[in-house]
There are 2 protein chains.
Amino acid sequence: MRVSKEEAARNRERVLEAAGRLFRKHGFDGVGIDAVMAEAGLTHGGFYKSFSSKEELIAEACRRAAGQADEAWRAEEAQAEDPLAAFLGQYLSQAHCSDPGSACLFVTLAADAARRDTPVRDAFAEGLCGFVTHIESLLPKVPEAVRHERALAVASAMIGAVTIARATNDPAFAEQVLSAARSAILAAATRPA
Amino acid sequence: MRVSKEEAARNRERVLEAAGRLFRKHGFDGVGIDAVMAEAGLTHGGFYKSFSSKEELIAEACRRAAGQADEAWRAEEAQAEDPLAAFLGQYLSQAHCSDPGSACLFVTLAADAARRDTPVRDAFAEGLCGFVTHIESLLPKVPEAVRHERALAVASAMIGAVTIARATNDPAFAEQVLSAARSAILAAATRPA
DNA sequence: ATTATCTATAGATCTATAGATAATGC
DNA sequence: ATTATCTATAGATCTATAGATAATGC
């Protein structure tokens, strides 16, 4: 029942990936170690060879999910003609709202993270800074201080819109919210300094 | 060990109030029936005389919290000289971020609500509509369709900003986010149609 | 020999129910 | 007599640990 070091490292990654998916779907408190391990195709007893506690898993899973999202956004940005519009269009979409397992963790887990202790909050905060930096790189070239402030406001508005859109059962309402956010954010992001 | 009907009704209210406080602080899954009942000064066995399930408690507690918040905002609005600025100033404040037990439930519980079934989501959606309507009443008198769209964007931005500000451990970052949101929202809300 | 994973389980906690208790309200 | 609350507990689930197992890696 033992595997090679390489296989074990891959298994650890699979556990983190499974945790990222399940936590986003059900929240940190809605998923047990056994469910995460089962999703990764392992039994729950082995968990504590890779992680010292559930808290550590949560922090690591957040770090990984944030990193993966950042990579995906950059890849997409490299291809788009209008990177900002492409980013907003994809983020503020019904598709993003209806697939919680792969949705943005800043939407699905921000409130959960706020309830945790330092390690988790730090991991989360780090990812959030990356998100804001990414947005900053997409904004028109106004003075740095203005651009940073705008990136913070844009990040808030994006996260808030998807959060609200997801909280109701009404697709029409969701579309209204997303559409309102798209136009408000574009207007705010592109106005002169 | 029995109390009058009036006392029993007051006890039910106390349970809802306790639930609203604890759920906002720890999430729906982070609080058990026994903790809610203890916070209300009762034992957990009596819970099921007032509520059919935890789901029902969650839905009712959301409804109550949303109603209470709406009342508080209206009362405050009635006194302020510039109601919109007063509302934004109070909502987008450090004080709001640091007291989760009495913070806005649309910030603390939106992601939790999105994971629940219809009854909870409906209760939440209802409250959210009230929030948007309230904001609409504070916006400058531009045409109805524009005003509604703006209210949705403002609501998203407010909720997103406090969500982000709360998720990190860094008060300086929180203040940056809140301040950026304040100016972005004021600019967006008051620009001509 | 070392160690990644598995089986089994301890101890805590959570939702819900059953039956007892004692005060209300007819 | 009715019923709001309490005590006690069933059954499920959750985090974490202990010891067994079997394949790796020296």
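Letters A, B, ... mirror the listed sequences (proteins, then strands); counts begin at 1. Small disclaimer: the values here were computed from a predicted structure and weren't measured.
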| How do A:Ser53 and B:Gly46 order along DNA chain D: which one's closest nucleotide is nearer the 5' end? | B:Gly46
| message | Heavy atoms only, 4.0 Å cut-off, all strands: where does B:Ser50 land among base, sugar-phosphate and nothing? | response | nothing
| B:Cys97: which of B:Val107, B:Leu178, B:Thr168 passes side chain to side chain contact (heavy atoms under 4.5 Å, CB included) | B:Leu178
| task | Check every atom of C:dT24, D:dT5, D:dT15 against the side chain of B:Lys49 and return the nucleotide holding the closest atom. | result | D:dT5
| request: Take atom CZ of A:Arg12 and atom P of C:dT5, then tell me their distance rounded to the nearest Å. | output: 11 Å
| Which nucleotide in D:dA23, C:dA22, C:dC14 has an atom nearest any side-chain atom of A:Arg2 | D:dA23
| query | Who does D:dT15 pair with, Watson-Crick or G-U, both distances under 3.5 Å? | reply | C:dA10
| task | By nearest nucleotide on DNA chain C, pick out whichever of B:Glu6 and B:Gly45 is the more 5' one. | result | B:Gly45
| said: Restricting to non-hydrogen atoms, name the atom on A:Arg121 and the atom on B:Arg166 that form the minimum distance, rounded to 0.1 Å. | reply: NH2-O, 3.3 Å
| task | Could you state the atom-to-atom distance from NZ of B:Lys5 to P of C:dG25 in whole Å? | result | 7 Å
| request: Starting at CG of B:Asn169, measure out to OG1 of A:Thr118 and round the result to the nearest 0.5 Å. | output: 4.5 Å
| field | pair B:Leu139-B:Thr190: side-chain heavy atoms closer than 4.5 Å | value | no
| request: Report which part of the nucleic acid A:Val31 touches: base, sugar-phosphate, or nothing (heavy-atom distance under 4.0 Å, all strands). | output: sugar-phosphate
| Reckon A:Gly32 touches a base, only the sugar-phosphate, or nothing at all at heavy-atom distances under 4.0 Å? | sugar-phosphate
| remark: B:Phe28 CZ to C:dT13 P, in whole Å, measures 23 Å
| query | With side chains defined as the heavy atoms from C-beta onward, is the minimum distance between B:Met158 and B:Val154 less than 4.5 Å? | reply | yes
| query | So which nucleotide does D:dT21 pair with, by the Watson-Crick or G-U wobble rule with both distances under 3.5 Å? | reply | C:dA4
| request: Send over the distance from B:His44 NE2 to D:dA8 C1', rounded to a whole Å. | output: 8 Å
| query | Should B:Tyr48 be listed as having a side-chain N or O under 4.0 Å from OP1 or OP2 of C:dT17? | reply | no
| Within the structure, does a side-chain N or O atom of A:Asn11 lie under 4.0 Å from either OP1 or OP2 of C:dT5? | yes
| said: Rounding to an integer number of Å, can you tell me how far B:Asp34 CG sits from D:dA12 P? | reply: 19 Å
| query | Under 4.0 angstrom, heavy atoms only, what part of the nucleic acid is A:Thr43 near: base, sugar-phosphate, or nothing? | reply | base
| In whole angstrom, what separates B:Ile33's CD1 from D:dC6's C1'? | 16 Å
| query | Considering only heavy atoms from C-beta outward, does the side chain of B:Glu77 approach that of B:His134 to under 4.5 Å? | reply | yes
| task | To the nearest Å, give me how far apart CE (A:Met37) and C1' (D:dT15) are. | result | 13 Å
| field | Of the listed nucleotides D:dA8, C:dT24, D:dT5, the one nearest the side chain of B:Ser4 | value | C:dT24
| message | In whole Å, I'd like the distance from the NZ atom of A:Lys54 to the P atom of D:dT15. | response | 4 Å
